[in-house]
Amino acid sequence: MKKAAALLMLSMAIAFAGCGGAPQSDEAKDNTSVSEPDGGAAVSGTEASDGDLLADGVLTVGTNAEFPPFEYVGDDGEPDGFDIALIKAIGDKLGVEVEVENMEFDSLVASIGSKIDVAIAGMTVTEERQGMVDFSDSYYKAVQYVLVPAETDIASAEDLAGKTIGAQLGTTGDYMIEDFEGATAKQYNKAVDAVNDLISGRLDAVIVDKNPALVFADKFSGEIQYMDFSFEPEDYAIALPKGDAALADAVNGALAELKSDGTFDELVSQYIEN
Ligand code: GLN
């Protein structure tokens, strides 16, 4: 969605709030290809665009390009990585241009429906997030790993009790730290900043998703190592505006095609080494 259109929709949403029904412009009605959700009154203004987000030919996608190999800033200064390639392939299938906005991970979910249309950021499906956004079908299995210094007394999850542990703000790794009794949580905007504090001895451990952990362990090999304590498996999915069934169907349809025509596996082997 173009910014002007997004702003217009937002102001419409505000103007119509309190009217008791889901606002819908004539244009949106014309483009609606599926039935409206039941109980329009329960649907908020930013959701009134079933099918419409794709109508202007531009899908604005939020990411946080600090999470290799899923997203990182490429040599040309633009976001690159598995997720970026995947959402561009989805855009191709849907016949829309994909515009990527690089922003803080912690603000992605709240920006859907205003600054961005959807978000792809190695984002784990969680119940808390499902209260604010819908998710596409899951496209990748993940799990939290623990990065520790090359020399450490941490050998099991129990050993994390009482330790100073870093994580990226607002991530599932961040939310886990409170599970370890007496542990002190330190939050960072970028996982790599936590890794740097681990290397300089300011942290005892960093909790981060498996694939980025492998990338960091490789990049700083000899200084840090990764540990797999068999935490709960997680699922990555694309975060979508709540209640936009037409968009969810379109995205899931494109994802299924990319899986069946082999593109998805090609992207996995191109971007994800382990
Ligand atoms: N998968 C984790 C989460 O969703 C971390 C994602 C990230 O840092 N980009 O919270």
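Just so you know, these numbers use all the heavy atoms, side chains as well, and skip hydrogens, waters and symmetry mates. The chain is numbered in sequence order, starting from 1. Whatever order the structure lists them in is the order used to number ligands and atoms, beginning at 1.
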At a 4.0 angstrom heavy-atom cut-off, what protein residues surround ligand 1? F67, F105, A121, G122, M123, T124, R129, Q168, T171, T172, D209, Y236
Salt bridge flag under 4.0 Å for residues K186 and D174: no
Identify whether the distance between the nearest side-chain nitrogen and carboxylate oxygen of D228 and K210 falls below 4.0 Å. no
What heavy-atom pair brings S138 and K259 nearest, and what distance separates the two atoms? O-NZ, 3.6 Å
Are the aromatic rings of Y226 and F220 close, with centres under 6.0 Å apart? no
Test of ring centre spacing under 6.0 Å for F70 and Y271: no
Would Q144 and F231 count as a side chain to side chain contact (heavy atoms under 4.5 Å, CB included) if you check the C-alpha gap in whole Å, the side-chain angles of each, and the deciding distance to 0.1 Å? CA-CA 6 Å; Q144 297 301 308; F231 294 131; 4.0 Å; yes
